[in-house]
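Here's the structure, in structure tokens; my notes come after.
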Amino acid sequence: MSVLVNKNSKVIVQGFTGSEGTFHASQMIEYGTNIVGGVTPGKGGQVHLDKPVFNTVADAVTQTGADVSVIFVPPAFAGDAIMEAAEAGIKVIVAITEGIPIKDMIMAKEYIKQRDVRLIGPNCPGVITPGEAKVGIMPGFVFKKGRIGVVSKSGTLTYEAADQVVKAGMGISTAIGIGGDPIIGTSTKEAVELLMNDPDTDGIVMIGEIGGQYEADAARWIKAQGNPKPVVGFIAGQTAPKGKRMGHAGAIIGGADDTAAAKMKIMGECGIHVVQSPADIGETMAKALA
Amino acid sequence: MNIHEYQAKEILKKFGVNIQEGIVVDSPENALRAAKKLNADTGTKWFVIKAQIHAGGRGKGKIKETGSNGVVLVKSFDAVIEAAKNILGGTLVTHQTGSVGKTVNKILIAQDVYYPGESEPKEYYMSILLDRATGWNVIMASTEGGMDIETVAAETPDKIFKEWIDPKVGLQGFQARKVAFALGLEGEAFKQMIKFIFALYKAYVETDSSMFEINPVLKTSDDKILAVDSKVNIDDNALYRHKDIAELRDLSEEDPAEVEASQSDLNYVKLDGNVGCMVNGAGLAMATMDMIKLCGGEPANFLDVGGGANAETVEAGFRIILKDPNVKAILINIFGGIVRCDRVATGVVEAYKNIGEIDVPIIVRLQGTNAEEGARIIEESGLKVTSAIVLKDAAEKVKEVVG
């Protein structure tokens with residue numbers, strides 16, 4: 001078992017023939033992900049990276065049975081791409097694109113609400129189930145197979161956490177990069193819930209950032225469930241000033257309740273093993289499971 | 001992107017939002033001319049002189065050089081000139097600017113809208129912003145106008161009324177009425193408020209804004225509803241479809257190093273500490289700053305060099321960090337995934353050599369693909385650079401330097 005993606009996932013790439021799409025699609029194929037084709041409007045019928053190119057996601061789904069899509073479409077067209085994937089019956093949409101206008105994401109999120117689909121991202125590194133499927137841009141070799149799930153708003157910090165978990169003698173069941181934008185498809189709590197319900201996950205690393213309420217919501221939910229699995233938590237941005245956007249569009253302190261300190265306090269009160277230093281994630285998980 | 005009050009008001013007016021009329025100027029002579037024109041156009045005899053900087057708290061804030069407040073009410077043409085002299089070119093310090101303050105290059109000469117009449121003028125608060133929890137925009141309104149909304153939220157949360165807008169259909173009449181009733185309005189003022197809310201929402205949506213804050217919204221003594229102040233924040237990601245708004249960006253309001261960094265496609269935020277850092281990825285960059293603090297240092301900046309950390313981006317990063325005289329050490333923290341550590345190491349060495357002698361210690365932590373090879377390149381370069389692979393070691397080395 002695993003969550004979201006596995007060796008049976010049939011993955012298409014939206015924005016397949018662009019430079020980003022091409023590079024990361026070939027990396028995913030090399031990793032062993034079952035890429036069944038791609039979509040670039042106007043290039044339907046071509047073959048790219050030995051895979052068929054389709055004009056629409058609907059064509060791709062009909063002809064390949066694809067159930068997962070990973071989106072590399074430029075920001076101005078990415079909201080549209082998300083809606084197209086949802087309408088075509090894709091079950092898991094992973095939107096890598098950074099820089100989508102908020103207004104477009106409000107509409108896209110609203111559109112997919114009534115459909116049976118899960119959106120991961122945007123502005124995220126993707127999802128990886130080691131040894132089965134890498135749907136995203138993360139370096140696959142860092143994620144050795146194991147029984148620790150990772151939920152994170154950030155890219156390289158996710159790799160860092162996974163690396164520490166592996167070096168501490170454990171491995172990764174599924175790592176979910178939920179994204180650093182103000183509007184994302186899957187919240188921290190929803191991603192944590194997936195991993196809590198996964199019989200192959202024994203512990204969860206939850207990495208957040210300043211801004212928003214997702215980590216506090218997840219922490220309260222975990223407590224309400226009776227802390228069924230140990231969770232190690234870290235919030236980046238303890239030293240970030242108020243009102244300044246720290247790289248990610250969503251990483252901005254608005255008020256007193258979305259600072260790193262406020263989130264870490266709530267997480268601690270909810271029984272999460274909160275680490276002050278990002279260097280302590282792996283060791284703390286090892287101890288929590290001992 | 002933030003814009004000035006006068007720019008925000010121009011946008012609002014274009015969408016039919018009633019505003020406190022004003023004219024922006026950059027000299028005392030023009031201030032007088034503006035006041036005379038406002039007098040002719042609106043009949044106002046009193047004027048409000050408002051410093052135009054990108055920070056709140058201007059009314060209570062003080063000009064360092066003259067002691068004047070950043071917003072003053074004056075009651076004669078002579079006083080307009082006097083106030084303009086006291087504010088223009090001065091350094092305004094408010095609770096949002098930090099002790100350094102901001103230079104005032106422009107002032108807004110505005111009509112007095114608190115004139116006496118049939119009823120008492122009354123101030124309200126209104127904002128429109130994205131509610132991240134629901135993914136919908138929300139209108140927030142309060143009878144406690146003119147106050148800091150965070151204080152209101154903390155002390156009397158029941159005085160804040162919220163109305164969420166379904167993006168499928170947009171703002172509906174009953175919603176605008178709920179807001180206006182919640183503010184206790186009736187008669188002509190009620191009707192005017194409905195118009196105000198609809199115009200405001202239209203402006204918000206059509207400009208791709210991420211936040212509007214109108215504080216105060218004023219009901220005048222003759223039942224007009226006006227935006228007296230306005231803070232507008234535009235979604236940076238949508239600026240490509242609003243070229244006219246993008247041009248409103250005032251680079252003089254931003255840190256020069258941040259402007260330079262953005263021109264090199266680097267994401268840099270200047271901070272007050274003593275340890276500079278250069279990191280790939282925003283989350284890891286924030287985490288690295290936090291680690292510097294735990295090691296006894298203070299981060300001097302946030303700097304995300306992005307996915308393709310190479311000699312050029314590293315050199316640009318070095319140059320920006322080294323401009324800050326407070327920097328006593330630099331920590332480079334790269335997790336090489338797709339980008340290989342040996343390449344990054346070569347880039348660091350090249351950048352270092354291009355700059356010449358760097359007289360602060362540098363700690364380079366490379367982890368990920370080809371990490372050992374990267375460390376060897378750093379060690380063998382002969383440069384005064386320490387290398388680390390594990391994050392904990394990097395932290396220890398920062399401690400040695402700042403401790």
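Residue numbering restarts at 1 for every chain, and letters A, B, ... go by the order of the sequence lines.
Looking at I100(A), only its backbone comes within 4.5 Å of chain B, counting heavy atoms on both sides. At a 4.5 Å heavy-atom cutoff, the contact between A287(B) and chain A is made by backbone and side-chain atoms alike. For P167(B), the parts sitting under 4.5 Å from any heavy atom of chain A are the backbone and the side chain alike. Neither the backbone nor the side chain of D272(B) comes within less than 4.5 Å of any heavy atom in chain A. Heavy atoms of V205(B) lying under 4.5 Å from chain A belong to its backbone as well as its side chain. For Y268(B), no part lies near chain A; criterion is any non-hydrogen pair under 4.5 Å. Neither the backbone nor the side chain of D304(B) comes within contact range of chain A; no heavy atom of the residue lies under 4.5 Å from a heavy atom of that chain. Heavy atoms of Q27(A) lying under 4.5 Å from chain B belong exclusively to its side chain. Neither the backbone nor the side chain of D131(B) comes within less than 4.5 Å of any heavy atom in chain A. Proximity to chain B (any heavy atom under 4.5 Å) is restricted, for M107(A), to the side chain, taken from C-beta onward. Neither the backbone nor the side chain of R340(B) comes within contact range of chain A; no heavy atom of the residue lies under 4.5 Å from a heavy atom of that chain. Residue contact with chain B, scored on non-hydrogen atoms closer than 4.5 Å, involves the side chain of K113(A) exclusively.
Here the shortest heavy-atom pairing between C124(A) and A95(A) reads SG-O, 3.5 Å. In this structure, F302(B) and A285(B) approach most closely via the heavy-atom pair CE1-CB, 3.6 Å. Closest approach of A81(A) and V73(A) over heavy atoms only: CB-CG2, 3.9 Å. Residues L157(A) and A236(A) approach most closely at CD2-CB, 4.1 Å, considering heavy atoms.
Residue K202(B) qualifies as open at atom NZ: its count of foreign heavy atoms under 6.0 Å is 12 or below. Within 6.0 Å of CZ in R132(B) there are more than 12 heavy atoms belonging to other residues, nucleotides or ligands.
Side-chain contact between Q164(A) and V205(A): absent, with no pair of heavy atoms (C-beta onward) separated by less than 4.5 Å. By the 4.5 Å heavy-atom criterion applied to side chains, E254(B) and S262(B) are not counted as neighbours. Using a 4.5 Å cut-off on side-chain heavy atoms (C-beta onward), L391(B) and E160(A) make contact. Between I102(A) and N237(B), every side-chain heavy-atom pair lies at or beyond the 4.5 Å cut-off.
Interface summary for chain B: among A251(A), G212(A), A249(A), the most heavy-atom pairs under 4.5 angstrom belong to G212(A). Taking chain A as the reference chain and counting heavy-atom pairs below 4.5 Å, the highest number among D235(B), L294(B), D290(B), L284(B) is found for D290(B). Counting heavy-atom pairs closer than 4.5 Å to chain B, the top-ranked of the candidates Q238(A), K242(A), H248(A), Q276(A) is Q238(A). With respect to chain A, the highest number of heavy-atom pairs below 4.5 Å among N267(B), L271(B), L303(B) belongs to N267(B). Ranked by heavy-atom pairs under 4.5 Å with chain B, the first of G243(A), P75(A), P139(A) is P139(A). In terms of heavy-atom pairs under 4.5 Å with chain B, the best-connected choice from A76(A), A161(A), P241(A) is A76(A). Contact tally against chain B (heavy-atom pairs below 4.5 Å) for Y214(A), Y159(A), F234(A): the top residue is Y159(A). Chain B forms more heavy-atom pairs under 4.5 Å with one residue of D181(A), I137(A), D280(A), I235(A) than with any other, namely D280(A). Of the listed residues (T134(B), V269(B), I334(B)), the one with the most heavy-atom contacts under 4.5 Å to chain A is V269(B). Considering only heavy-atom pairs separated by less than 4.5 Å from chain A, the leading option among K293(B), K168(B), E298(B) is K168(B).
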Full working for side-chain hydrogen bond (donor to acceptor under 3.5 Å, both in side chains) between D163(A) and Q367(B)
CA-CA 9 Å; D163(A) 188 56; Q367(B) 175 64 291; 3.1 Å; yes
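Of the residues listed (I178(A), T158(A), I210(A)), the one engaging K153(A) in a side-chain contact (heavy atoms from CB on, under 4.5 Å) is I178(A), and it is the only one.
Residues E396(B) and K392(B) are not paired through a salt bridge, judged by the lack of any N-O separation under 4.0 Å between the basic side chain and the carboxylate.
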